[in-house]
Amino acid sequence: MIGKFDNIKIQGMSAAVPEYVEHNMNFANVIGKRRTKKQIKITGVEQRHISGRHQRTSDLCYAAALPLLEKLQWKRKDIKVLLFITQGPNYLHPSTAFFLHKRLGLEKDCLVYDMNLGCSSFNVGVHTAAALLQSCSLHDKALLLIGDTAGRIRNPETSLKPDDIAHDMLFGSAGAAIAIEKVENHPLYFMNMSDGNGYDAIIGYKGRPSQMNGAAVFSFAINDVSDGVINFRKKYNISEDLIDYYIFHQAQDLILDNIIDSCNIPAEKELRSLRHYGNTSGTSVPVTVCANREQIQKKKTSKLLLCGFGVGLSWGCIYTEIDTANILPVIETNEHYDDDKKPARGLHDKNILVLCADTEIGEWLSRFDNDKSAMVILAGKNADKLNQIQSDLFMDSDSFVMETLTKETIHRALEHCLEKELMLDGIVIPAEISAELLSYLSHELVHGYGKELASIIVLESVSSKSELEILKQRLELKLKGTGFRESERCVRVNGIIYAEDEIDIVQIIKDGQQWVSLFLERECPEKMKKPIYICQLQQFLLTDKSRYITETAIAFNN
């Protein structure tokens with residue numbers, strides 16, 4: 001499809017990326033310096049902005065939209081169309097566009113919906129918004145939001161393989177907002193093409209990494225996309241002196257070099273953002289515009305030929321003139337909205353009290369359980385440390401100070417939870433505790449709470465692996481008889497033991513940045529996974545799956 005609108009103007013653009021930057025040379029520790037340098041040379045990507053574990057595409061688009069609306073001084077009532085294009089919506093239904101409609105405070109007189117598209121999102125989105133505005137009044141407006149969190153901090157519970165890392169080194173996350181208005185006497189030219197025969201050249205299945213046929217995609221880009229640009233220019237007699245800048249989807253340097261060579265495009269006219277932002281999927285065209293705003297703003301208005309291409313297979317162009325004053329700089333943000341999120345992980349609906357949460361292993365357990373959607377109650381000596389942990393957790397949490405483990409302090413801790421109406425499902429104790437206190441704690445859980453299937457887990461350590469068996473026997477004796485049973489009600493008391501010289505504690509703080517950085521720095525994935533295995537074992541003992549396990553000491557010695 002190729003055509004022209006005589007009454008559509010792109011009034012402005014903005015883009016937002018996550019604050020966290022991942023430098024590709026850091027991966028040299030994992031895949032080797034030679035392979036890393038070769039990857040950077042081919043793709044042109046030196047660093048990328050990647051999303052934390054709780055930042056979604058809608059967050060980035062919202063962060064991009066607000067300053068653009070403020071810059072243009074648009075009234076919400078004049079926005080008649082809101083399109084959200086992404087491959088990562090918040091929900092299966094409804095369209096995430098409705099959620100963004102609410103957050104942005106738009107009026108009811110507005111058409112909103114999502115589109116599922118990748119690297120050609122910009123040209124398809126502009127074309128679609130422009131077509132919808134044709135049935136609207138003069139000066140009605142459309143807000144086009146495009147985004148993808150193609151670059152994300154990895155879950156530390158998944159393995160990092162060299163081929164996966166090479167794939168990750170290409171992609172970044174971003175969101176963009178494009179303001180479009182129906183005006184008089186302002187042309188916008190468009191072209192959009194599709195080839196369903198290549199539907200599986202770039203394909204992703206739910207729960208699995210995307211797969212790409214590199215050879216097919218490369219051939220498509222340097223042939224179909226190049227021919228499309230040439231034919232588009234020829235159709236509308238767009239000579240070289242009528243184009244100030246070309247901006248293509250930022251696939252990678254090797255592909256872009258071949259396209260500009262095939263189309264005889266002057267190198268100084270073709271702008272890129274790959275070096276600092278990577279391939280940001282459908283957002284890469286507006287990201288590149290915003291990243292090069294100082295260059296583009298040398299003129300008050302600029303004629304741009306903008307081209308997206310990729311998944312589908314699909315490709316297309318937009319040619320128009322824009323006011324450069326309304327191109328905003330790229331925003332870096334940690335924006336994330338959590339009120340609509342529904343926890344759906346391993347400890348959902350569990351209330352877990354972590355004693356000694358201000359210790360290294362205690363902090364690790366607290367963060368892990370909270371990330372698994374548990375309501376964590378932190379207890380420890382250091383109030384400042386507890387507050388720091390609590391403020392950084394994703395799910396709701398609570399904390400209080402208790403100096404030592406005694407019957408009195410344990411009683412106060414349980415009373416605190418009762419006052420807050422937090423019915424405990426489990427208590428985690430990453431410290432040595434006497435059999436007497438364990439018996440007292442299990443008795444209080446049953447009689448104070450009437451709680452069925454509550455769990456008490458003790459974690460103890462020795463300095464070396466050779467001492468594990470002795471500790472295991474000692475802990476089993478301590479646990480014996482501490483589990484309290486009355487009718488069908490049961491408090492399970494179990495232990496986990498580990499050797500300190502066999503574990504490397506690495507905290508996951510909120511978005512996982514520290515875990516990734518230390519992984520790259522130390523190149524020690526196996527050791528860094530050991531605390532995760534301990535936490536997973538603790539998680540199992542906290543859930544109803546372990547209802548028949550009690551008074552057992554489990555040794556972690558791998």
Practice prompt. Please test Leu306 against Val126 for side-chain contact (heavy atoms from CB on, under 4.5 Å), starting from the C-alpha separation and ending with a verdict.
Written response: CA-CA 11 Å; Leu306 309 146; Val126 171; over 6 Å; no

Fill in: Distance (rounded to the nearest 0.5 Å) between Ser262 OG and Ile230 CD1
7.0 Å

Worksheet item: Looking at CG of Asn326 and CZ of Arg293, how far apart are the two atoms once the value is rounded to the nearest 0.5 Å?
Response: 10.0 Å

Worksheet item: Is any side-chain heavy atom of Leu60 closer than 4.5 Å to a side-chain heavy atom of Ser51?
Response: yes

Worksheet item: Looking only at heavy atoms, which two atoms of Leu83 and Ala129 are closest? And how far apart?
Response: CD1-N, 3.8 Å

Discussion item. Would the distance check show the side chain of Ser135 and the main-chain N or O of Leu132 forming a donor-acceptor pair, the cut-off being under 3.5 Å?
Written reply: yes

Item to complete: Report, as yes or no, whether the 6.0 Å neighbourhood of atom CD on Gln295 holds more than 12 heavy atoms from other residues, nucleotides or ligands.
Response: yes

Worksheet entry | Distance-only polar pair, side chains of Asn292 and Tyr245, donor-acceptor under 3.5 Å | no

Worksheet item: When the aromatic ring centroids of Phe99 and Tyr337 are compared, is their separation below 6.0 Å?
Response: yes

Discussion item. As an exercise, state the distance from CG of Leu145 to CG of Leu143, rounded to the nearest 0.5 Å.
Written reply: 4.5 Å

Discussion item. Does any part of the side chain of Leu188, heavy atoms only, come nearer than 4.5 Å to the side chain of Ile180, both counted from C-beta?
Written reply: no

Worksheet item: Do Phe122 and Met13 pass the side-chain contact (heavy atoms from CB on, under 4.5 Å) test, and can you show the C-alpha distance, the side-chain angles, and the key distance before you say yes or no?
Response: CA-CA 11 Å; Phe122 178 80; Met13 289 188 206; 3.8 Å; yes

Worksheet item: Any idea which heavy atoms bring Met25 and Lys33 closest together, and the distance?
Response: CE-CG, 4.3 Å

Worksheet item: Does any N or O in the side chain of Lys75 come within less than 3.5 Å of the main-chain N or O of Gln73, such that one atom is a donor and the other an acceptor?
Response: no

Worksheet entry | Closest non-hydrogen atom pair, Phe84 against Ala97 | CB-CB, 4.0 Å

Fill in: Sole residue of His276, Glu22, His23 in side-chain hydrogen bond (donor to acceptor under 3.5 Å, both in side chains) with Arg48
Glu22

Discussion item. Per the side chain to side chain donor-acceptor pair (under 3.5 Å) rule, what does the pair list look like for residues 123-133, sequence neighbours excluded?
Written reply: Asn123-Asn192, His127-Asn192

Discussion item. Would the distance check show the side chain of His186 and the main-chain N or O of Glu321 forming a donor-acceptor pair, the cut-off being under 3.5 Å?
Written reply: yes

Worksheet item: Can any side-chain N or O of Asp369 pair as donor or acceptor with the backbone N or O of Ala374 at less than 3.5 Å?
Response: no

Fill in: Minimum side-chain heavy-atom gap Trp74-Gln11 below 4.5 Å
yes

Worksheet item: Would a 4.5 Å heavy-atom cut-off, applied to side chains only, mark Gln39 and Asn24 as touching?
Response: no

Discussion item. side-chain contact (heavy atoms from CB on, under 4.5 Å) for Asp78 and Glu181? Distances and angles first, verdict last.
Written reply: CA-CA 10 Å; Asp78 293 333; Glu181 184 174 357; over 6 Å; no

Discussion item. Contact between Thr283 and Tyr277 at the side-chain level, heavy atoms closer than 4.5 Å - yes or no?
Written reply: no

Worksheet item: Can Lys372 be said to sit on top of Phe368's aromatic six-ring, NZ or CZ under 6.0 Å from centre and within 45° of the ring axis?
Response: yes

Worksheet item: From Met375 CE over to Lys350 NZ, what is the distance, rounded to the nearest 0.5 angstrom?
Response: 15.5 Å

Discussion item. Test of understanding: with ring-ring contact (aromatic ring centres under 6.0 Å, His included), list the residues that count as partners of His167, not counting sequence neighbours.
Written reply: Phe171

Discussion item. Has Thr320 got a side-chain atom pairing as donor or acceptor with Pro187's backbone, closer than 3.5 angstrom?
Written reply: yes

Discussion item. Can you give me the closest heavy-atom contact between Pro286 and Ile178, atom names plus distance?
Written reply: CG-CD1, 4.3 Å

Worksheet item: When rounded to the nearest 0.5 angstrom, what is the spacing between CD1 in Ile146 and CD1 in Ile85?
Response: 5.0 Å

Fill in: Heavy-atom donor-acceptor pair, Thr149 side chain to Thr57 backbone, under 3.5 Å
no

Discussion item. If you count heavy atoms of other groups shown closer than 6.0 angstrom to CD of Gln134, is the number above 12?
Written reply: yes

Response to the item:
Output for pair (Asn7 CG, Leu138 CG), nearest 0.5 Å, gives 8.0 Å

Worksheet item: Above 12 or not: heavy atoms from other molecules or residues under 6.0 Å from CD of Glu294?
Response: no

Item to complete: Compare all side-chain heavy atoms of Asn279 with those of Val45 and state whether any distance is below 4.5 angstrom.
Response: no

Discussion item. Tell me if a side-chain donor or acceptor on Ser14 pairs with a main-chain N or O of Ala64 at a distance below 3.5 Å.
Written reply: yes

Item to complete: Answer yes if the side chains of Asp148 and Thr86 hold a donor-acceptor pair under 3.5 Å, and no otherwise.
Response: yes

Worksheet item: Which heavy-atom pair separates Ser314 from Leu117 by the least distance, and what is that distance?
Response: OG-CD1, 4.3 Å

Worksheet item: Got a sec: does the CZ of Arg275 have more than 12 other heavy atoms crowding it under 6.0 Å?
Response: no

Discussion item. Set out, in order, the CA-CA distance, both residues' side-chain angles and the distance that settles side-chain contact (heavy atoms from CB on, under 4.5 Å) for Leu66 and Glu335, then state yes or no.
Written reply: CA-CA 12 Å; Leu66 284 186; Glu335 159 76 27; over 6 Å; no

Practice prompt. Verify, without hydrogens or angle tests, whether Lys300 (side chain) and Gln297 (backbone) share a donor-acceptor contact under 3.5 angstrom.
Written response: no

Discussion item. Heavy-atom count check: over 12 atoms from other residues, nucleotides or ligands less than 6.0 Å from Tyr199 OH?
Written reply: no

Discussion item. Taking the basic N atoms (NZ, or NE/NH1/NH2) and the acidic carboxylate oxygens, is any pair closer than 4.0 Å for Arg103 and Asp59?
Written reply: yes

Worksheet entry | Side-chain heavy-atom pair Ile238, Lys303 within 4.5 angstrom cut-off | no

Fill in: Close side-chain approach of Ile79 to Leu69, heavy-atom, < 4.5 Å
yes

Practice prompt. For the pair Lys269 (side chain) and Glu240 (backbone), establish whether a donor and an acceptor sit closer than 3.5 Å, ignoring hydrogens and angles.
Written response: yes

Ignoring hydrogens and angles, write down the donor-acceptor pairs under 3.5 Å from the side chains of residues 247-257, residues two or more places apart or on other chains.
{"unit_1": "His249", "atom_1": "ND1", "unit_2": "Ser281", "atom_2": "O", "d": "3.4"}
{"unit_1": "His249", "atom_1": "ND1", "unit_2": "Ser284", "atom_2": "OG", "d": "2.7"}
{"unit_1": "Gln250", "atom_1": "OE1", "unit_2": "Ser273", "atom_2": "N", "d": "2.9"}
{"unit_1": "Gln250", "atom_1": "OE1", "unit_2": "Leu274", "atom_2": "N", "d": "3.4"}
{"unit_1": "Gln250", "atom_1": "NE2", "unit_2": "Phe248", "atom_2": "O", "d": "2.7"}
{"unit_1": "Asp253", "atom_1": "OD1", "unit_2": "Arg272", "atom_2": "NH1", "d": "2.6"}
{"unit_1": "Asp257", "atom_1": "OD1", "unit_2": "Arg272", "atom_2": "NH1", "d": "3.1"}
{"unit_1": "Asp257", "atom_1": "OD1", "unit_2": "Arg272", "atom_2": "NH2", "d": "2.7"}

Worksheet entry | Closest non-hydrogen atom pair, Asn237 against Leu242 | O-CD1, 4.1 Å

Worksheet entry | Thr280 side chain vs Gly172 backbone, donor-acceptor pair below 3.5 Å | no

